[in-house]
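Notes to accompany the following structure.
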Amino acid sequence: MSFEIIDFHTHPFLSDVTNICNHKDHIPMDTDYTLDLMKELGVSRICGSVAFVGEYGDTWWDKIRRNNDEALKLQEIYGDFYVPGFHIHPAFVKESLEEVERMHKMGIDLVGELVPYLDGWESYKDPGLYEILKLCEEYEMTLSLHSGEVPEQGMLARDFPRLKVVSAHPGEYHDFMRHVEWMKKCDNFYLDISGYGVFRHGMLRTGIDMCGVERFVFGSDYPTCSPAMYIGAVTLDPSIKDSERELILAGNAKRILGL
Ligand SMILES: [Zn+2]
């Protein structure tokens with residue numbers, strides 16, 4: 001059986017500057033490569049923000065704006081294949097609010113993946129972030145977050161019930177169970193399966209049994225991680241039913257993002 005696959009968590013790139021694959025010296029990678037690889041694996045759409053390791057410009061906001069503009073350029077190249085995610089920054093509330101408005105006007109309602117440690121900020125409890133998320137909630141946006149303290153992420157879902165909060169990376173057993181506990185508390189809290197955790201046998205079955213299949217989204221974290229591994233985790237795990245695979249691989253992302 002073949003499945004529609006949407007990769008909810010990627011970091012596409014225009015050039016090596018924003019290609020965060022650690023092994024790129026051994027694989028020639030450009031914008032066509034991403035398209036070809038994903039098509040080869042049956043992925044029809046990718047989502048997510050441009051990530052940049054290091055500093056750029058005079059302030060962190062210069063870097064945020066640069067990455068967001070690159071995401072828009074990639075959307076021009078990829079068309080419907082790419083659902084851009086954009087960055088905000090809690091130390092730049094005014095600029096971030098303007099960015100939320102700019103993106104919303106262009107029909108872009110995916111914030112992140114936010115990766116605080118790459119962009120010079122730390123906590124999901126930052127009052128500046130709360131200020132910006134009020135507007136994101138008004139627009140019923142989706143917020144994709146790099147793994148951090150699970151309680152802080154769960155609290156964002158609790159405090160912004162109309163925001164869809166998707167945490168990345170299940171993590172090891174105790175982190176994963178903390179995700180599950182918060183997903184049971186907040187209907188708007190989801191988990192994308194990229195990164196650590198999915199290689200633990202039975203993780204996905206446990207999560208589905210405890211809080212329902214609607215809460216899990218397929219993501220790879222390409223080009224840091226290999227999409228094939230995460231597709232295999234869903235399609236080759238005999239404990240997962242085809243109807244559940246359909247939702248995890250595409251159905252849930254479509255519902256969350258309104259695609
Ligand atoms: Zn990521």
Side-chain angles (χ1 to χ4, degrees), residues 5-24 27 29 31 33-34 37-38 41 43 45-54 56 60 63-64 66-68 70-71 74-75 78 81-90 103 108-124 129 141-150 152-153 156 164-172 175-176 179 189-199 216-231 233-234 248-249 252-253 256-257:
I5 305 177
I6 296 173
D7 192 336
F8 178 83
H9 183 152
T10 67
H11 300 287
F13 49 87
L14 268 180
S15 70
D16 272 358
V17 176
T18 44
N19 178 359
I20 56 176
C21 177
N22 282 330
H23 304 286
K24 61 191 170 203
I27 306 171
M29 296 167 78
T31 50
Y33 174 87
T34 297
L37 173 73
M38 291 295 180
L41 294 171
V43 176
R45 270 180 149 174
I46 62 170
C47 317
S49 61
V50 169
F52 185 116
V53 179
Y56 176 88
W60 288 110
K63 180 178 164 187
I64 297 296
R66 182 220 169 280
N67 287 351
N68 291 350
E70 181 166 325
L74 283 160
Q75 191 191 30
Y78 287 139
F81 172 67
Y82 173 46
V83 177
F86 66 97
H87 294 276
I88 52 176
H89 196 299
M103 293 295 172
I108 298 170
D109 287 319
L110 173 61
V111 184
E113 183 198 21
L114 302 183
V115 189
Y117 76 90
L118 285 182
D119 296 332
W121 58 287
E122 278 177 16
S123 170
Y124 294 129
L129 182 65
M141 290 184 161
T142 300
L143 175 66
S144 163
L145 298 174
H146 180 68
S147 55
E149 290 297 314
V150 178
E152 291 183 7
Q153 301 184 4
L156 285 181
K164 291 153 275 183
V165 180
V166 187
S167 178
H169 318 317
E172 279 292 1
D175 265 337
F176 174 63
H179 275 109
F189 193 39
Y190 303 85
L191 182 61
D192 92 48
I193 65 169
S194 66
Y196 290 106
V198 78
F199 60 99
F216 293 89
V217 182
F218 164 73
S220 68
D221 212 357
Y222 168 85
T224 308
C225 301
S226 162
M229 179 177 148
Y230 300 89
I231 293 171
V234 182
I248 295 168
L249 292 171
N252 292 339
I256 292 166
L257 293 169

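Read the numbers this way: they start at 1 and go in the same order the structure lists the ligands and their atoms.
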Do the side chain of H169 and the main chain of S194 share a donor and acceptor less than 3.5 angstrom apart? yes
Taking atom CZ of F81 as the centre, report whether more than 12 heavy atoms of other residues, nucleotides or ligands fall under 6.0 Å from it. yes
Round to 10° and report the angle made at the Zn ion (ligand 1) by NE2 of H11 and OD1 of D221. 90°
Taking atom types as modelled, find out whether Y82 and T10 have a side-chain donor-acceptor pair closer than 3.5 angstrom. no
Taking both backbone and side chain into account, is any N, O or S atom of H9 nearer than 2.8 Å to the Zn ion (ligand 1)? yes
What do you reckon, are the aromatic ring centroids of Y117 and H146 less than 6.0 Å apart? yes
Answer key: the N, O or S atom of E113 nearest to the Zn ion (ligand 1) is OE1
